[in-house]
Every structure is written in structure tokens, then in C-alpha cells.
Amino acid sequence: MRVAVFSSKPYDEEFLTKAAEGTDHELTFFEARLTRRTAALADGFDVVCAFVNDDLGAATLLRLAKTEPKLIALRSAGFNHVDLDAAKSLDLHVVRVPAYSPRSVAEHTVALMLALDRKIHRAHARVREGNLSLDGLLGFDLGNRTVGLLGTGKIGVAVGKILKGFGCDLIGYDVFENPEAIELGLQYVELRELWERSDVISLHAPLTPETHHIVDAFAIANMRDGVMVINTSRGALIDTAAAIEGLKSGKIGHLGLDVYEEEGDLFFEDLSDTVIQDDTFSRLLTFPNVLITGHQAFFTTEALEAIAHDTIANITAFSEGRDSGNEL
Ligand code: NAD
């Protein structure tokens, strides 16, 4: 099949090309993000392959459906950026990679926790300047602390497994209880109790209308003073303006973000020569107790291999009229 790969980076090209060896799929790589305006690049292709910050809203899908593409192959687990109703009405099939490597995201989540707790980002900058003072670097023992997991699916449980090894008490909130989480010793609680009891809160739920801004001013007011909040799920789970107020008042003691609600225009690009226009994002960068990574939690060799393999397998299944099991 002729596949138009959007938001393509050199690593996408490398891993997808390798995964497609031995198939008759023809991959064309476009650096452009998929939007209503760039959708015309997919004219003449059978498959559109898209990533997390591509715009798959109704207008883009309508433009795509004008020509041949019949399959949207997401290189992600999250699909909050796809208007599934519009896709259905346009007879566009959508597939995703539901579980490429929960461990990659879980390990990055814990890396953010530890780096913030022990102020590794600040220590690194200091030591390079010959400043070996410990003032301001005081951390806490993560074991014995209560960690609240919002969302106890594949990634939430993978985080829980690592933190269990540290000796943390695990509590969780989810709309479904996961037996694997219970086996770990995680105690399910109501959302309010999760806010109230957790020393560290880690977000692992998908972005849906129910989870949009689930961490808002009200939630933050109910949290423990000095709480650590980590978000490696989707940016819009957090109301960023409310989080900034929480940081200013000291209610939030540490904030670790791999995702940001307006990341679409920022992430995955080198903007070091430009003036960032997003004042909210710029404000976040001024706090010593905020650590931001640019949606890199998934970015391991193992995850990229799995994403590429499953994406190509999804396309092959579609081309052969088989059910991949990954259709939305
Ligand atoms: P999953 O489907 O296995 O688990 C998600 C869990 O969230 C499920 O248990 C579900 O019941 C729960 N949930 C749904 N609605 C909820 C609600 N309203 N309140 C509480 N819980 C709710 O998904 P996963 O593989 O664990 O991934 C979680 C999220 O992580 C994805 O949706 C994606 O947005 C994000 N993600 C981020 C990266 C990254 O690189 N930062 C990579 C992969 C996935």
C-alpha cells in the first residue's frame, strides 16, 4: 500500500523502513504535521500514518476522504486527536498501537519523580559551574510515601510495579478496577481521597471529556501541601493556569510534565533560535521545581521498534482484509 507518513522524523523513517522490509508497502515520509491544510499531501496514497500532534479533526478527515486514503494508521496509543464519529461517517478506518511498551512510559514517569525529588536537574547545572553546595537540594525518601495513580491501565500498573519496589504505598482511582493493580497491593479510592492522601500523584488516564482538566483548581485545593504532580498521559488532563497558581502558592511542591495541553505548536521541534510565544509555557519554565520533557516518555528503542512493527502489521492486515484487532 502507498503510505503517507506525517510528522515524520529521522527516527520514524529509520524504524518504519526497517519494519516494512519484506512487505510491498511504499512509505513516503513528510515532515509536515497533518492538518486541514497539509492533508492534500496525502492525495494518491492509500494510508495516512499519523502521530500524536497531528490534527485528525473533522475538517482534516473530510479533506482526506476526498481522495483515496481509506485507512488512518496511528503511531500512538492515544487517539484523543481523532474525530472518530467523523471518520466513521466518512468510511475511514482508524487503527492504533494500543500497547507498544508501557514500560518505556512508566520508567520515564519514575525518572521525572526521582529527578524532581532529588533535584537532579538543578544539581547537574550547578556542578557544571563548579557549585557543589547542597543548599536548596534537599529531597525526601520516595519509599514509604503514598503515590496516587489516576488511571491503572497498562502504564499505571507498570508505574505501580516500579514504585512497589521502592516501598511506596499505592492508591489509585480508575473507572474500572484492574486485578493486576489489586494484586500489587494498590488500594482503590474515590477521586477526592486520591487528591487528599497522595504525596505524589501520577496521571495515566486517556484524555476524554471526563478527564479534561481533571486536575483543576478544585482538585489542587484538595491536595496535600507540597504535593508532587506528574503527567505523562496527555497535557489537557491538567488545567495549566490552575497548576501555575498552585505552584505560586506552594500547594504544588513539584510538577513533572512530559505533555502539555498546548504542545502541538511546540513539541518535537528545535525552537532554541525562536522566541516562544506561549506565555503559559514560558511561565512554567521559570519555576525551579518544574521539570518538563517534550513528550519523550515513549522514546526508547524498544518502543519505537514495537510502534513501527505494529503500525506496519496494522496496515498489512487492512490490505489483506483481516481484522488487526487494533481498529477504533
Ligand atoms: P490504558 O487504556 O491501558 O489505561 C488507561 C486507564 O485509564 C484505563 O484503566 C481506564 O479505565 C482509565 N480511565 C479512563 N477514563 C478514566 C477516568 N475518567 N478516570 C480515571 N481513569 C480512567 O492506557 P495506557 O497504555 O496505560 O496509557 C495511558 C495514557 O498514556 C494514554 O491514553 C496516552 O494518552 C498516554 N501515553 C503517553 C505517552 C507518552 O509518551 N507520554 C505514551 C503512551 C501513552
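Numbering of ligands and ligand atoms starts at 1, following listing order. This structure is a prediction, so every number in the text was calculated from the model and none was measured. Heads up: numbering here begins at 1 and tracks the sequence.
With a 4.5 Å cut-off between side-chain heavy atoms of Ile, Leu, Val, Met, Phe, Trp and Tyr, the cluster of Leu132 takes in Val127.
Side-chain polar atoms of Asp174 and Thr152 form a donor-acceptor pair below 3.5 angstrom. The closest side-chain donor-acceptor pair between Arg63 and Thr60, if any, does not fall under 3.5 angstrom.
Applying the side-chain hydrogen bond (donor to acceptor under 3.5 Å, both in side chains) test to His25 and every residue at least two apart in sequence or in another chain returns Thr316. Here Phe318 pairs with His93 under the ring pair (Phe, Tyr, Trp, His ring centres under 6.0 Å) rule; sequence neighbours left out.
Look at Arg192 and Glu190 and you find no salt bridge, because none of the NZ, NE, NH1 or NH2 atoms lies under 4.0 Å from a carboxylate O.
Within 4.0 Å of ligand 1, heavy atoms belong to protein residues Tyr100, Val105, Gly151, Thr152, Gly153, Lys154, Ile155, Tyr173, Asp174, Val175, Phe176, His204, Ala205, Pro206, Glu210, Thr211, Thr232, Ser233, Arg234, Asp258, His295, Ala297, Phe298.
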